[in-house]
Q: 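Pasting in a structure now, in structure tokens, and then I'll have a few things to ask.
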Amino acid sequence: MKTVYACFCTDVIHEGHLNIVRQACKYGKLIVGALSDKALIRYNKFPTISEEDRIQLYKSVDGVSEVIVQDDMLYEDVITKLRPDYVIHGDNWKKGPEAAIRKNIIGLLSRYGGELVEVGYTYNEKVRKIDQRLRERTAMPEYRRRRFRQLIDITSVVKVMEAHSGLTGLIVEKTVVEDDGKLDQFDAMWVSSLCDSTDKGKPDIELVDMSSRLRTIDDIMEVTTKPIILDGDTGGLTEHFVYNVRTLERMGVSAVIIEDKTGLKKNSLFGNEVIQTQESIENFSAKITAGKKAQLTDDFMIIARIESLILDRGMDDALIRAFAFVEAGADGIMIHSRKETPEEILEFCDKFRKKDRKTPLVVVPTSFNSVTEEELAQHGVNIVIYANQLMRAAVPAMQATAEEILRCHRALEADSRLMPFKEIITMIDEL
């Protein structure tokens, strides 16, 4: 009997999947691949049931002869091992980034005469509602909050992009590219005080209070599912920080990053051009410890941001602080630099990793932007935050459009570089 292979990555079997099974059984014995937790999480299909439960769910479907685990969105290992006569899939992947996976499969099958069978994708109200419920479940706080730790465990580098509104959150959520035959995307979102303040037309001096910042987070959470990391500035008074940790954890935020400075917030971009006071190791450690004691789950992370290199206090000061903050309970260390080359950041990472190989390291390559994620990973970096690029891309585009309309006294000349609004609103999911 000929063999047919299909890969499932769902927590619920609906009529679309059953149609795939029915069609597959016409061609031969059906083997179903259960996409592993690692592969699902990496490609933003976060499971709400365990890998073992998914395997048992697929086994229970009439017509499924065997279930195996598939460890990558690309089928290469599975097809090389099984050499199925047919691979079956819905026809919804002919366009968009997933077309790269389709192309890869066709190439693999052609090596030995295998065939790709594509079934019309099932679109109806019942299936749409099931898909919507699954998406809403993955956006629930208890699922969203834990994903950041999961990503750190399974990926060489967690890629984080800033978001400052529901729309920018959707851009981070839905932007997927094909890169060297594989799909790539951002893993999480960074909600920074700088971009949040700038979006509101206010200076970055903690003028936008936490209540307003929580509304921004809520706007983003309503329309996305990816983990959120909050820029918590200094964390404020310890008594306030403890309260905010509980609030963020309850909302489903995955992590807060607080910096070891005190007094009126001054943006790190200014370095020593303005007076900035670094908090004592003892006081900042106490704040971290208090925050860790306040949280109720093991999922939430408090990450300590060290400003020693920004303030020209030296490498030794940065390392002493890093080890002290880890000892106080910090779940990660963010090291920052204003240099245009990455040498001092890489030096810090190398020296930190000689003593601590486990604690996650975070960097923000804004000024030293020539370094690649792969290079950073080689020096022990776990998390890379692109902290303000979407905001910086939007402002010059809006300014140029406004200027052109003023010059031409009409909108025609500007229209060629504007995205049609119909394309913009297709990003927004309807209930």
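Position 1 is the first residue of the sequence; numbering continues from there.
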Q: Can a side-chain donor-acceptor contact be found between His164 and Asp196 if the only test is distance below 3.5 angstrom?
A: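 No, no side-chain donor-acceptor contact under 3.5 Å.
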Q: State, to 0.1 Å, how close Val160 and Met189 come at their nearest heavy-atom pair, and which atoms those are.
A: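 Closest approach of Val160 to Met189: CG1-C, 3.6 Å.
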Q: If only atom types and distance count, is the side chain of Lys261 paired as donor or acceptor with the main-chain N or O of Asp233 below 3.5 Å?
A: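 Not a single qualifying donor-acceptor pair exists.
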Q: Run the side chain to side chain contact (heavy atoms under 4.5 Å, CB included) test on Val191 and Arg213 for me, step by step, so that the C-alpha distance in whole Å, both residues' side-chain angles and the decisive distance to 0.1 Å come before the verdict.
A: CA-CA 9 Å; Val191 179; Arg213 305 216 42 218; 4.0 Å; yes
Q: Around atom CD of Glu125, are there more than 12 heavy atoms from other residues, nucleotides or ligands closer than 6.0 Å?
A: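 Result for CD/Glu125: enclosed.
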Q: Is any side-chain heavy atom of Val4 closer than 4.5 Å to a side-chain heavy atom of Ile31?
A: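 A side-chain contact is absent here, since even the closest heavy-atom pair is not under 4.5 Å.
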Q: Taking all non-hydrogen atoms of both residues, which atom of Asp218 and which atom of Met251 are closest, and how far apart?
A: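 Smallest interatomic distance, heavy atoms only, reads N-CE, 4.2 Å.
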Q: Do the side-chain N and O atoms of Thr401 and Glu404 include a donor-acceptor pair separated by under 3.5 angstrom?
A: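 No, no side-chain donor-acceptor pair sits under 3.5 Å.
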Q: Could you tell me whether the side chain of Ile105 reaches within less than 4.5 Å of the side chain of His89, counting heavy atoms only?
A: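 Heavy-atom side-chain distance check fails, nothing below 4.5 Å.
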Q: Looking at Tyr86 versus Tyr5, is the centre-to-centre ring distance below 6.0 Å?
A: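 No.
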Q: Counting distance only, does the side-chain N/O of Glu249 pair as donor-acceptor with the main-chain N or O of Thr297 below 3.5 Å?
A: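 A pair under 3.5 Å: yes.
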Q: Decide yes or no for Val256 and Ile229: does some side-chain heavy atom of the first lie under 4.5 Å from some side-chain heavy atom of the second?
A: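 No; the side chains remain at least 4.5 Å from each other.
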Q: Using a 3.5 Å distance criterion without hydrogens, assess whether the side chain of Glu115 forms a donor-acceptor pair with backbone atoms of Gly113.
A: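 No; judged by distance alone, with no hydrogens or angles, the pair does not exist.
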Q: Nearest 0.5 Å please: distance from the CD1 atom of Ile49 over to the CD atom of Gln56.
A: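 Separation between the atoms: 10.5 Å.
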Q: Determine, for Arg338 against Asp312, whether the closest basic-nitrogen to carboxylate-oxygen distance falls under 4.0 angstrom.
A: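 Counted as a salt bridge, because a side-chain N and a carboxylate O are separated by less than 4.0 Å.
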Q: Report the C-alpha separation of Lys200 and Thr216 in whole Å, then their side-chain angles, then the decisive distance to 0.1 Å, and conclude whether the side-chain hydrogen bond (donor to acceptor under 3.5 Å, both in side chains) test is met.
A: CA-CA 11 Å; Lys200 293 174 172 62; Thr216 299; 3.1 Å; yes
Q: Measure across Leu376 and Val363 and return the closest heavy-atom pair with its distance rounded to 0.1 Å.
A: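 Shortest heavy-atom separation between Leu376 and Val363 comes out as CD1-CG2, 3.8 Å.
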Q: Are more than 12 heavy atoms, taken from residues, nucleotides or ligands other than Tyr27, located less than 6.0 Å from that residue's OH atom?
A: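 No.
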Q: For Asp77, I'd like to know if atom CG has over 12 heavy atoms of other residues, nucleotides or ligands within 6.0 Å.
A: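 At most 12 heavy atoms, drawn from other residues, nucleotides or ligands, come within 6.0 Å of this atom.
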Q: Say whether, by atom type as modelled, one donor and one acceptor occur between the side chain of Asp219 and the main chain of Ser165 under 3.5 angstrom.
A: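 No; zero donor-acceptor contacts below 3.5 Å.
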Q: Can Glu413 and Arg407 be counted as an ion pair, charged N to O under 4.0 angstrom?
A: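 Looking at Glu413 and Arg407, the cut-off is not met.
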Q: May I ask you to decide whether Glu52 forms a salt bridge with Arg54, counting only side-chain N to carboxylate O separations under 4.0 Å?
A: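 Not counted as a salt bridge, because no side-chain N and carboxylate O are separated by less than 4.0 Å.
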Q: For the pair Arg145 and Glu142, find out whether any cationic side-chain nitrogen is under 4.0 Å from an anionic carboxylate oxygen.
A: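 No, this pair does not count.
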Q: Charged N to carboxylate O under 4.0 angstrom, Glu347 versus Lys351?
A: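 Here Glu347 pairs with Lys351 in a salt bridge, since their nearest N and O are under 4.0 Å apart.
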Q: Can you list the steps and then say if Glu15 with Ile20 is a side chain to side chain contact (heavy atoms under 4.5 Å, CB included)?
A: CA-CA 9 Å; Glu15 77 177 82; Ile20 292 281; over 6 Å; no
Q: Using the rule given for side chain to side chain contact (heavy atoms under 4.5 Å, CB included), can you reason through Leu194 versus Asp231, listing the C-alpha separation, both sets of side-chain angles and the distance that settles it, and then say yes or no?
A: CA-CA 9 Å; Leu194 172 60; Asp231 173 8; 5.6 Å; no
Q: Have Glu259 and Thr234 got a donor and an acceptor in their side chains that come within less than 3.5 Å?
A: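 Judged by distance alone, the side chains do not pair up.
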Q: Answer yes or no: does atom CG of Asp62 have more than 12 heavy-atom neighbours from other residues, nucleotides or ligands under 6.0 Å?
A: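 Count not over threshold, so no.
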Q: Which heavy atom of Val253 sits nearest a heavy atom of Ile217, and at what distance?
A: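 Reported closest heavy-atom pair: CG2-CG2, 4.0 Å.
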Q: Does any part of the side chain of Phe284, heavy atoms only, come nearer than 4.5 Å to the side chain of Ile258, both counted from C-beta?
A: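 Of all side-chain heavy-atom pairs linking Phe284 with Ile258, at least one is under 4.5 Å.
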Q: If only atom types and distance count, is the side chain of Ser212 paired as donor or acceptor with the main-chain N or O of Val208 below 3.5 Å?
A: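 No, the answer is negative, given that no donor and acceptor are paired below the 3.5 Å cut-off.
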Q: Keeping Gln295 on the side-chain end and Phe300 on the backbone end, is there a donor-acceptor pair under 3.5 Å?
A: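 Yes, the answer is positive, given that a donor and an acceptor are paired below the 3.5 Å cut-off.
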Q: Just by distance, do the side chain of Arg149 and the backbone of Asp299 share a donor-acceptor pair under 3.5 Å?
A: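 Yes: the side chain of Arg149 pairs with the backbone of Asp299.
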Q: List the steps, then state whether side-chain hydrogen bond (donor to acceptor under 3.5 Å, both in side chains) holds for Glu162 with Ser192.
A: CA-CA 7 Å; Glu162 68 99 349; Ser192 80; 5.5 Å; no
Q: Hey, mind stepping through Glu118 and Arg102 against salt bridge (charged side-chain N to carboxylate O under 4.0 Å, His left out) and telling me if it holds?
A: CA-CA 10 Å; Glu118 293 173 302; Arg102 179 178 182 268; 2.6 Å; yes
Q: Quick test of your reading of the model: are Glu373 and Lys159 salt-bridged, counting only N-O distances below 4.0 Å?
A: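 Result for this pair is yes, salt bridge flagged.
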Q: Within the structure provided, determine whether Asn382 and Val158 are in side-chain contact (heavy-atom separation under 4.5 Å).
A: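 Side chain of Asn382 against side chain of Val158, heavy atoms only: no contact under 4.5 Å found.
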Q: Please check: side-chain N/O of Arg305 versus main-chain N/O of Ile333, any donor-acceptor pairing under 3.5 Å?
A: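 Pair absent, no side-chain N/O of Arg305 close to backbone of Ile333.
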Q: How about Arg357: does its CZ atom have over 12 heavy atoms from other parts shown lying under 6.0 Å from it?
A: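 Check fails, neighbour count at 12 or below.
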Q: With a 4.5 Å cut-off on side-chain heavy atoms, are Leu214 and Leu248 touching?
A: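 Leu248 vs Leu214: side chains touch.
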Q: Quick one: does Asp204's side chain get under 4.5 Å of Thr198's, heavy atoms only?
A: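 Asp204 does not reach Thr198 side chain to side chain.
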Q: So do the side chains of Ile101 and Leu74 get within less than 4.5 Å of each other, counting heavy atoms only?
A: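 Yes. Closest side-chain heavy atoms under 4.5 Å.
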Q: Classify the ring geometry between Tyr75 and Trp93 as parallel (under 30°), tilted (30 to 60°) or perpendicular (over 60°).
A: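 Tilted: the ring planes of Tyr75 and Trp93 meet at 30° to 60°.
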Q: Between Asp91 and Tyr121, is there a donor-acceptor pair closer than 3.5 Å when you use the side chain of the first and the backbone of the second?
A: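 Judged by distance alone, yes, a pair lies under 3.5 Å.
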Q: Going through the distances and angles, do Thr225 and Glu173 end up as a side chain to side chain contact (heavy atoms under 4.5 Å, CB included)?
A: CA-CA 7 Å; Thr225 64; Glu173 176 94 356; 2.6 Å; yes
Q: With Lys226 as the cation and Phe186 as the aromatic partner, state whether NZ or CZ is under 6.0 Å from the six-membered ring centre and within 45° of the axis.
A: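 Geometry flag: not set, cation outside 6.0 Å or 45°.
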Q: Compare every heavy atom of Ile288 with every heavy atom of Ala330, then report the nearest pair and how far apart it is.
A: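 Looking at all heavy atoms of both residues, the closest pair is N-CG2, 3.5 Å.
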Q: Restricting to non-hydrogen atoms, name the atom on Tyr58 and the atom on Ala34 that form the minimum distance, rounded to 0.1 Å.
A: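 What the structure gives for the nearest pair is CE1-CB, 3.5 Å.
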Q: Is Arg321 paired with Asp260 through a side-chain N to carboxylate O contact shorter than 4.0 Å?
A: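 Yes, Asp260 and Arg321 are salt-bridged.
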Q: Answer yes if the side chains of Thr247 and Asn244 hold a donor-acceptor pair under 3.5 Å, and no otherwise.
A: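 Judged by distance alone, the side chains do not pair up.
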Q: Looking only at side-chain N and O atoms, does Asp356 offer a donor or acceptor that is under 3.5 Å from a partner on Thr359?
A: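 Result is yes, a qualifying pair exists.
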Q: Please say whether more than 12 non-hydrogen atoms of neighbouring residues, nucleotides or ligands are located less than 6.0 Å from CE in Met140.
A: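 Counting other residues, nucleotides and ligands, CE of Met140 stays at 12 neighbours or fewer.
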Q: For Asp72, is there an ion pair with Lys38 - N to carboxylate O distance below 4.0 angstrom?
A: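 Result for this pair is no, no salt bridge flagged.
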Q: Can a donor-acceptor pair be found, under 3.5 Å and without considering hydrogens, that links the side chain of Arg144 to the backbone of Met221?
A: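 Yes; at least one donor-acceptor contact below 3.5 Å.
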